[in-house]
Amino acid sequence: MIKKQLVYVMECDHCGKICGEPETTGFPDKNSLLSAAEMSDWRKIRGGWYCPDCYEVDENDEYVPCG
């Protein structure tokens, strides 16, 4: 059976990577997505979401986007 299903996804605001790839690309609810992002070290910085490859810690020990 093929069904249409709406899911939540998170895309890195810098590189476009999708949270959960390659195992899972969609989550059934926002809380599941946020939990997966937290476990995968994604960070919300200045209103955007960044994967672990696209942020760093600055001299003040704060997360900042790369570049």
Side-chain angles (χ1 to χ4, degrees):
M1 176 188 306
I2 297 175
K3 293 172 53 176
K4 180 179 178 179
Q5 183 177 14
L6 298 177
V7 296
Y8 286 85
V9 296
M10 181 181 295
E11 182 177 317
C12 178
D13 284 300
H14 183 73
C15 72
K17 181 178 178 181
I18 301 295
C19 180
E21 283 185 334
E23 298 86 19
T24 304
T25 56
F27 295 86
D29 57 67
K30 192 174 179 180
N31 287 337
S32 298
L33 172 60
L34 293 173
S35 177
E38 182 179 316
M39 290 187 325
S40 300
D41 294 326
W42 282 59
R43 298 282 183 247
K44 186 172 185 179
I45 306 167
R46 300 180 191 151
W49 284 96
Y50 295 87
C51 72
D53 295 330
C54 293
Y55 67 83
E56 56 193 13
V57 179
D58 69 7
E59 63 277 354
N60 297 321
D61 292 328
E62 295 180 11
Y63 294 113
V64 294
C66 294

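When all heavy atoms are compared, the tightest approach of Val64 to Asp58 is CG1-OD2, 3.6 Å. Between Gly26 and Val9, the shortest heavy-atom distance links the atoms CA-CG1, 4.0 Å. Counting all heavy atoms, side chain and backbone alike, Trp42 lies closest to Met10 at CE3-SD, 3.6 Å.
Distance CG/Leu34 to CE/Met39: 11.5 Å, rounded to 0.5 Å. Atom NZ of Lys17 is separated from atom SG of Cys51 by 5.5 Å, given to the nearest 0.5 angstrom. With values rounded to the nearest 0.5 angstrom, Asp29 atom CG is found 13.0 Å from Leu6 atom CG. Between the CG atom of Leu33 and the CZ atom of Phe27 there is a distance of 5.5 Å, given to the nearest 0.5 Å.
Taking 4.5 Å as the limit, every side-chain heavy atom of His14 sits out of range of all side-chain heavy atoms of Pro65.
Remark: Ser40 engages no residue in a side-chain hydrogen bond (donor to acceptor under 3.5 Å, both in side chains) (not counting sequence neighbours).
Between the side chain of Asp13 and the backbone N or O of Trp49, at least one donor-acceptor pair lies under 3.5 Å. Side-chain N or O atoms of Asn60 include none that pairs as donor or acceptor with a backbone N or O of Glu62 at under 3.5 Å.
Other residues, nucleotides and ligands place more than 12 heavy atoms under 6.0 Å from the CD atom of Glu56.
Taking the centre and axis of the six-membered ring of Tyr50, the NZ or CZ atom of Arg43 falls outside the cone set by 45° and 6.0 Å.
For an aromatic pair to be called close, the ring centres must be under 6.0 Å apart, and Tyr63 with Tyr55 satisfies this.
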